[in-house]
Every structure is written in structure tokens, then in C-alpha cells.
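Below, chains carry the letters A, B, ... as their sequence lines are ordered, and counting in each starts from 1. Predicted model only: the values in this text are computed from it and were never measured.
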There are 2 protein chains.
Amino acid sequence: MENFPQSPFIPVQSGRASEDIALNLEAAILDGRLKPGERLPSERDMQVQFGTGRGVVREAIKILKQKGLLEVRKGVKGGAYVRQLEMANVSESLALFLKQHPVEPEKLIEFRESMDRSITLLAIARGSRDEKAALLAEVLRFEALMRGADPDLVAAGELDRTLNLMLVRMARSPLFEWVMAALQMGFSSHDHALYENPAYRERVAANWRETVQAIVVSEPMRALSCIGQHYSLLRECITQQHEPVLQAALALNSASGDRPEGRSS
Amino acid sequence: MENFPQSPFIPVQSGRASEDIALNLEAAILDGRLKPGERLPSERDMQVQFGTGRGVVREAIKILKQKGLLEVRKGVKGGAYVRQLEMANVSESLALFLKQHPVEPEKLIEFRESMDRSITLLAIARGSRDEKAALLAEVLRFEALMRGADPDLVAAGELDRTLNLMLVRMARSPLFEWVMAALQMGFSSHDHALYENPAYRERVAANWRETVQAIVVSEPMRALSCIGQHYSLLRECITQQHEPVLQAALALNSASGDRPEGRSS
DNA sequence: TGGCACTAAAAGGTAGTACCATTTATGTTG
DNA sequence: CAACATAAATGGTACTACCTTTTAGTGCCA
């Protein structure tokens with residue numbers, strides 16, 4: 001755990017005027033002195049307000065723009081506008097991290113399965129009747145699509161994501177929603193594999209339908225069972241893809257032990 | 001869901017030389033053409049290599065520095081060095097987001113409880129005997145500390161985080177580890193409340209010990225039961241803190257319905 | 001009067017230069 | 001040999017000039 005130092009000392013000195021200004025503005029935004037939609041002074045104005053060169057101001061703005069806190073427009077009426085942060089900013093950050101720290105598919109799957117179970121239970125308990133009906137309608141469309149001879153895989157992926165989204169929305173938990181959104185890219189590659197393979201397509205679609213049906217009639221145990229099946233299929237498909245080497249690994253998977261694993265950081 | 005556009009079109013034109021260069025360098029880093037620890041050319045060199053002004057190069061570097069991909073040092077042998085991304089970067093990004101999008105304590109608790117259950121099951125299955133012994137030793141220290149008349153709350157928080165860290169490490173799942181780390185700051189405030197209140201201190205410590213004991217002897221059901229107790233205590237403590245208003249809200253909590261909730265976006 | 005074209009002004013974007021500050025290596029001197 | 005001084009590389013800052021984009025006028029012409 002990176003042990004956030006809470007910044008007891010401000011890093012002081014060094015070259016940082018731009019970071020300083022950035023933090024300054026960031027603070028102003030976070031405690032509401034600058035509200036979303038508001039416009040900051042022009043670079044040339046800030047340049048004099050901060051008593052500094054324009055380049056420094058520009059760098060500060062670039063930093064906050066990168067963080068997703070500012071949006072910059074050119075022309076008259078242009079300038080830096082305060083923005084609401086979007087989950088996409090966090091997702092992007094995480095995606096970058098995951099590119100440098102690849103995760104074994106099995107780890108991804110087991111994490112997602114855990115999330116999925118909780119989400120499903122919440123969705124059953126909290127989803128409205130309308131939402132459940134809509135979910136069912138969507139999954140039927142999905143199944144129909146997958147039954148076709150040569151299904152549109154792009155549309156399939158789209159629909160699959162929509163289904164997941166509807167489900168997580170029904171759970172009424174922004175945290176689950178955000179975490180799922182943030183990890184989406186990590187998932188999609190595997191899911192794609194699942195739909196590319198004709199041997200799995202229909203089974204997965206049917207499984208989705210069964211899951212949703214269980215949700216609609218509020219049978220949590222049956223829903224969980226379906227989810228187990230889903231991830232069982234996914235594991236099977238993934239390991240088939242990745243040559244026998246990984247299959248052996250999977251077989252050994254239950255024989256746990258003291259394996260110390262590579263740590264991050 | 002922000003529906004990551006996969007950037008099918010590069011945003012083309014507009015003012016972007018710096019973003020361009022930044023993306024350029026980022027790509028080079030991500031596909032390994034630039035490895036962590038390596039040094040980029042000096043700003044003045046890149047200025048000519050990219051056929052642009054130095055300010056643009058500096059802005060690009062600032063962007064990547066903000067992303068956590070670069071580290072910049074001054075002086076001879078200074079320059080921009082490629083860095084391994086750390087989870088702290090993602091956590092920071094998420095923390096920022098959470099400041100703009102506060103989450104109800106109950107949502108945080110229910111998410112954490114879900115994670116905790118999975119982590120515990122994994123830890124029981126995968127933790128080594130040594131790890132379990134170490135965990136037990138630590139939790140005994142913790143309980144001893146909490147039994148004291150005037151326990152050091154800072155140390156307590158520290159120990160609590162250590163325990164959680166040890167537990168999640170035993171789960172052998174970087175994803176769980178990262179998500180817990182990323183949400184740590186969100187947790188800590190509530191946990192602190194739990195330890196500040198003398199009425200809960202000892203009970204929570206005892207509950208921690210029971211949980212660990214269940215883990216050590218590999219009794220998952222008992223461990224889960226303990227976890228339920230833990231979060232039950234936490235909920236009780238939080239709602240007591242937040243005046244009767246929230247208590248009423250909690251009481252209503254099980255009566256679900258069609259409440260459409262504020263979306264993020 | 002309505003619409004279209006041109007212009008002006010306000011912003012951000014880029015280029016370039018000069019100089020400051022920091023860090024490291026190297027050389028010089030007691 | 002060690003302490004100190006100096007030089008060189010490199011990021012940090014300031015300033016200035018000019019380009020490009022965007023918006024708002026402004027005025028001409030049909």
C-alpha cells in the first residue's frame with residue numbers, strides 16, 4: 001500500500017511554480033470557490049495575478065486539464081472552464097496502470113465474479129419492476145442476436161455491456177458501478193473471446209437469460225448459480241484459448257499453498 | 001457508462017502540439033520503447049527532434065508527469081525519467097473524484113463488506129500458515145492496544161490498516177488489493193469514528209480477533225459471521241454519530257422501491 | 001428588412017531568446 | 001588528499017512577438 005504521506009510538508013522549493021498554481025486552483029475548485037461551468041481568468045490575466053510568466057500559468061492549466069478538472073477552449077469567450085470530474089478520468093488512470101501491471105485472466109475473472117454476485121443480489125433486492133422488465137427485454141434481444149448464424153460481434157459486445165450496466169444500476173450503488181466501469185476495458189477482451197467462439201455463444205446467451213429470469217422472479221440462489229455457470233464457461237473458454245500450458249495451471253489452481261506472488265510497486 | 005470511444009479518430013487539429021507529443025511519448029512508454037528508469041532527451045533536444053518550441057515540449061512533459069509516467073529532475077544528469085506507475089496515482093485520481101461525488105456512508109460500507117467477504121474467503125484458502133500466524137500475532141497486539149485506558153488512535157488506525165493489508169495480501173489477488181488501497185481514504189474517516197468511541201473500541205477489537213481466529217483455523221462461515229458483526233457495529237456507530245435523521249433513513253433502508261437515484265456522468 | 005461578408009477583438013497556441021537555479025563533474029589549490 | 005571553486009548540462013522562469021480560432025459586431029447589398 002503506497003502509504004499516502006498525507007503531504008505533511010509541502011514539497012517546498014525546487015522548480016514548482018506551476019505545480020503551486022495548479023494546487024492553488026485545484027483547492028479553489030475542490031472547496032467550491034470555483035464551481036463547475038465557471039470560467040477562470042485568461043492566461044494573461046492570471047499571469048499578472050500570480051505575478052509570474054505566462055508559460056507557468058499554461059503548465060498549471062495543462063496539469064489540471066489532464067486531471068480532468070478543467071476544459072480549455074480557444075477564441076474569445078474561450079479560456080479554462082471548471083469541469084465536473086467524470087468516472088472516465090479515473091478509468092483512464094486505472095487503464096494506464098493495468099497496462100503496466102498486467103493481471104492474470106484468472107485474477108480478473110475471480111474479482112469480477114465476486115463483484116457480480118454482490119451486484120446481482122443487490123439488483124434483485126433494489127431493482128424496480130420496470131427495470132427488471134427492461135432487463136428481460138434486453139436479454140431476450142441479446143439471445144436472439146446470438147442465435148443468428150453470423151451474429152454481429154460488435155453489437156453483441158455493446159449489448160453485453162448494456163446488460164451489465166442495467167444490472168449494476170439496479171444495484172443502486174455508485175461504487176459498484178464505478179468499479180465495474182473502471183475495469184470494463186480489462187473485461188472486454190475476454191468477453192470478446194467468449195462471443196467469438198461459436199461453441200460458447202449460445203450457451204452464454206442462454207445463461208444470461210436464465211440469470212435475468214432468476215433476477216426477475218427474485219430467486220437469488222438461482223441467479224447466483226447461473227453466475228457461477230457463466231464464469232465457469234468463461235474460464236473454460238479462456239483456458240482453451242491459451243494452450244494447454246494454462247490448462248495445467250488451472251488444474252493446479254485449487255492446490256493452494258505458500259506461493260509468494262510478485263508484488264506491485 | 002462513459003462509453004470509452006476507443007479514440008477511433010485522433011482529435012486532429014485545434015491547438016494540441018503538446019498533447020500530440022505527450023501521446024507520442026506515452027505510446028512509446030506503454031509499448032516498451034521507453035523502459036522505466038530510462039531518460040528522455042533533454043527538453044532542448046526534443047525541441048529540435050519534434051521541430052517545435054520548448055514550451056510545447058515542457059507542457060507535454062508536465063502532462064505525463066501528472067499522469068505519473070515521468071519523473072523530472074533538474075541539473076546535469078537531470079531530465080525526464082520514465083517511471084513505473086504506482087497505485088497511488090490511481091488512488092489519487094479516485095480520491096479527487098470522490099471529493100466531487102460524495103458517497104453515502106451506507107454505500108461505502110456495503111461495498112466494503114462485499115469485498116471483505118470475498119477477500120476473507122480467499123485469504124482462508126490461500127494464506128500460508130506463516131501469514132496466518134503473523135496475522136494472529138498482529139491482531140492480538142491490536143486488541144491489547146485497544147484494551148488500554150487511553151489507546152493511541154493514530155497507532156490504532158495504523159494497525160487496522162496493516163491488518164487489512166495483510167489480509168488482502170493473503171487473498172493473492174492484486175485487484176482486490178488495489179481496489180482496497182484506492183478506497184482506503186474513503187474508509188478511514190469512518191473507521192476512525194469507530195475507534196474514537198470507547199463504547200465500540202473493545203468490541204471491534206474483539207471482533208477482529210475472532211475473525212482472524214476463524215481464518216486461522218479455516219472456518220469460513222464463522223469468519224463471515226464475524227465480518228457481518230463488524231459491519232453491523234460500524235453501521236450502528238455511524239448512524240449514532242449522524243443524529244436521528246440518518247437513523248430514520250437506515251430504518252427505511254430495507255423498504256426498497258423505484259427510487260431513481262442521481263447519476264454520475 | 002434580412003442575410004451575408006468582412007472586420008475587429010479576445011482568447012489560447014507556438015516560437016524563440018535570454019537568463020536564473022540546481023546539480024554533477026572536474027579541476028585547482030592549500 | 002581534501003576542501004573548495006569552477007564549468008557545463010539541464011530544468012525553471014520571464015518576456016516578447018506572432019499565429020490561429022472563435023465570437024461578436026458592423027455594415028453593405030439585395
Side-chain angles (χ1 to χ4, degrees), chain A residues 9-26 28-29 34-83, chain B residues 9-26 28-29 34-83:
Chain A
F9 319 132
I10 307 148
V12 282
Q13 304 132 343
S14 192
R16 91 235 106 81
S18 53
E19 272 92 345
D20 240 26
I21 295 181
L23 288 177
N24 209 316
L25 295 176
E26 180 179 326
I29 293 172
L34 291 171
K35 287 182 226 319
E38 236 173 290
R39 203 191 84 169
L40 272 59
S42 77
E43 293 177 354
R44 289 167 175 90
D45 284 351
M46 286 205 265
Q47 169 184 359
V48 305
Q49 284 180 30
F50 284 108
T52 173
R54 195 173 151 212
V56 173
V57 174
R58 284 183 59 78
E59 284 172 11
I61 291 176
K62 271 285 192 304
I63 291 174
L64 296 183
K65 182 183 173 189
Q66 161 56 32
K67 284 197 185 187
L69 286 169
L70 291 182
E71 180 194 351
V72 178
R73 291 200 285 270
K74 276 199 294 194
V76 67
K77 292 291 175 190
Y81 288 79
V82 178
R83 263 182 29 143
Chain B
F9 318 134
I10 307 150
V12 282
Q13 304 132 345
S14 186
R16 92 237 103 83
S18 53
E19 273 93 346
D20 240 25
I21 296 181
L23 288 176
N24 209 318
L25 294 176
E26 181 178 325
I29 293 173
L34 290 171
K35 284 180 230 319
E38 236 174 291
R39 202 191 87 170
L40 272 58
S42 76
E43 293 177 355
R44 287 166 177 90
D45 284 351
M46 288 206 265
Q47 170 184 356
V48 304
Q49 285 180 32
F50 284 108
T52 174
R54 196 175 150 212
V56 174
V57 175
R58 283 183 59 78
E59 283 173 11
I61 290 176
K62 270 287 193 304
I63 291 174
L64 296 182
K65 182 183 172 189
Q66 163 54 32
K67 284 197 186 187
L69 285 168
L70 291 182
E71 180 195 352
V72 178
R73 291 200 285 269
K74 278 198 292 195
V76 68
K77 292 291 175 190
Y81 289 79
V82 179
R83 262 182 31 142

Atom NZ of A:Lys77 to atom P of D:dA24: distance rounded to whole Å?
7 Å

Is the shortest distance from a Lys or Arg side-chain nitrogen in B:Glu59 or A:Lys65 to a carboxylate oxygen in the other one below 4.0 Å?
no

Separation of B:Lys62 atom NZ from D:dG11 atom P, in whole Å?
11 Å

Nearest non-hydrogen partners of B:Ser18 and B:Ala60, listed with the distance
O-CB, 3.4 Å

How close or far is atom P of D:dT10 from atom CD of B:Gln47, stated in whole angstroms?
13 Å

Can we say A:Arg54 and A:Glu43 salt-bridge, meaning some charged N sits less than 4.0 Å from an Asp/Glu carboxylate O?
yes

Identify which nucleotide among C:dT14, D:dA14, D:dT23 has an atom closest to any side-chain atom of A:Thr52, counting heavy atoms from C-beta outward.
D:dA14

Consider the side chain of B:Val76, meaning its heavy atoms from C-beta on, and name the nucleotide among D:dT13, C:dT14, D:dA9 that approaches it most closely.
D:dA9

Is there a side-chain polar atom (N or O) of B:Arg16 under 4.0 Å from OP1 or OP2 of C:dG12?
no

Atom NZ of A:Lys74 and atom P of D:dA24: how far apart are they, to the nearest Å?
17 Å

Would you compute the distance between atom CG of B:Leu70 and atom CD of B:Glu26 and round it to the nearest 0.5 angstrom?
9.5 Å

Strictly below 4.0 Å: does A:Arg58 bring a side-chain N or O up to OP1 or OP2 of C:dG12?
no

When you measure from the side chain of B:Val56, which nucleotide among C:dA9, D:dT13, C:dA15 comes out closest?
C:dA15

How close or far is atom C1' of D:dT21 from atom CZ of A:Arg73, stated in whole angstroms?
13 Å

When you measure only distances, ignoring hydrogens and angles, does the side chain of B:Arg44 come within 3.5 Å of the base of D:dG11 through a donor and an acceptor?
yes

When rounded to whole Å, the CD to C1' distance for the pair A:Glu43 and D:dT13 reads 16 Å

Measuring from A:Arg39:CZ to A:Leu34:CG, what's the distance to the nearest 0.5 Å?
12.5 Å

How do B:Gly53 and B:Gly75 order along DNA chain C: which one's closest nucleotide is nearer the 5' end?
B:Gly53

So A:Gly55, base contact, sugar-phosphate only, or nothing? Heavy-atom distance under 4.0 Å.
nothing

Distance check needed: C:dG12 P versus A:Tyr81 OH, whole Å only.
9 Å

Polar side-chain contact A:Arg54-C:dG13 base: donor and acceptor under 3.5 Å
yes

Rounded to whole Å, the CZ-C1' distance (B:Phe50 to C:dG16) equals 19 Å

